[in-house]
Amino acid sequence: MRDFSQDHRWLSINTATVRKSCGVEQPLTDIIEACARRGIKAISPWRDQVAAAGLPAISKLVKTHGLELSGYCRGGMFPVVDAAGAKAAYEDNRRAVDEACELNAACLVLVVGALPGALSGQAAHKDIALARSQVSDGIAALLEYAKSSGMPLAIEPLHPMYAADRACINTLEQALDVCDALDPTKSGALGVAVDVYHVWWDPKLQQQIERAGKERLLAFHVCDWLTPTTDLLNDRGMMGDGVIDLPKIRGWVENQGFAGYSEVEIFSTGNWWQRDTAEVLDTCIARHSSAV
Ligand code: ZN
């Protein structure tokens with residue numbers, strides 16, 4: 001297992017972590033500059049943040065600072081109600097692949113979607129099995145395009161509390177079943193993003209990380225699970241402040257040969273998004289060394 005205690009060479013910042021400073025939305029360009037000033041080597045930006053700043057500007061800035069992208073957030077949201085929706089989802093996902101290529105991301109992270117309409121409060125139906133089969137079909141179609149572009153796709157299983165509205169793939173086992181069905185040769189084109197917030201509780205976690213192996217382990221996301229959790233989406237904790245045994249899980253992942261970035265991804269309306277960007281980044285650097 002790599003020693004993180006001496007430096008932050010393998011720290012990546014998911015830019016959602018500092019998208020708000022003292023409650024105010026921050027331009028991605030400012031976030032990138034703040035990361036670069038601290039010697040942070042990698043980021044993982046969100047499409048809406050990139051779009052707001054302009055893809056060419058972000059691409060240039062990333063290159064100027066020699067930053068890597070541990071991932072690009074995000075594609076997915078495959079389940080839809082009709083053919084027009086399917087076409088729109090496919091085209092949008094292709095654009096996400098193109099953007100990820102332009103930014104030279106390590107992978108495009110997929111939050112696969114769930115019951116159509118549920119995210120806006122009105123699920124179109126209750127058939128989660130249908131949603132899951134549409135996810136599989138959607139990934140299969142996108143995989144062809146992503147392969148031709150050389151952009152790996154990383155399925156991120158989300159905690160079951162998001163099964164209705166954000167992702168109907170809820171365990172690493174489920175995600176790997178899809179990988180094995182669509183990419184049986186483990187070509188490297190399809191894998192998983194292991195986000196500890198979503199999978200730490202899973203009794204099969206170690207077994208499934210071993211099943212994934214180096215070829216399927218494309219990204220590793222860290223934060224912490226707070227007790228009590230006060231918001232299902234936006235109350236993630238800073239590493240070390242909760243109940244996840246981060247070094248243990250990182251050890252499992254690295255035992256398989258994963259040698260990529262440890263990406264900090266914290267959505268925190270009530271705490272970290274109320275603080276100054278500098279304080280949040282400095283805390284990420286300190287906890288990367290002491291708690292991951
Ligand atoms: Zn994540």
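Everything quoted here is computed from the prediction, not taken from an experiment. Counting begins at 1 with the first residue of the sequence. Indexing begins at 1, ligand by ligand and atom by atom, following the structure's order.
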- Query: What's the verdict on salt bridge (charged side-chain N to carboxylate O under 4.0 Å, His left out) for D241 and R287, showing C-alpha distance, side-chain angles and the deciding distance?
  - Reply: CA-CA 10 Å; D241 286 348; R287 299 297 182 84; 2.9 Å; yes
- Query: Passes side chain to side chain donor-acceptor pair (under 3.5 Å), R74 versus N93? Steps please.
  - Reply: CA-CA 9 Å; R74 55 177 166 60; N93 275 299; over 6 Å; no
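Around the Zn ion (ligand 1), protein N, O or S atoms at less than 2.8 Å number 4.
No side-chain heavy atom of V24 sits less than 4.5 Å from a side-chain heavy atom of K20. The side-chain heavy atoms of V50 and Y72, taken from C-beta on, include a pair separated by under 4.5 Å.
The aromatic rings of F267 and W46 sit perpendicular, their planes meeting at an angle over 60°, well past the 30° parallel limit.
For E265, the salt bridge (charged side-chain N to carboxylate O under 4.0 Å, His left out) partners two or more places apart in sequence, or in a different chain, are R236.
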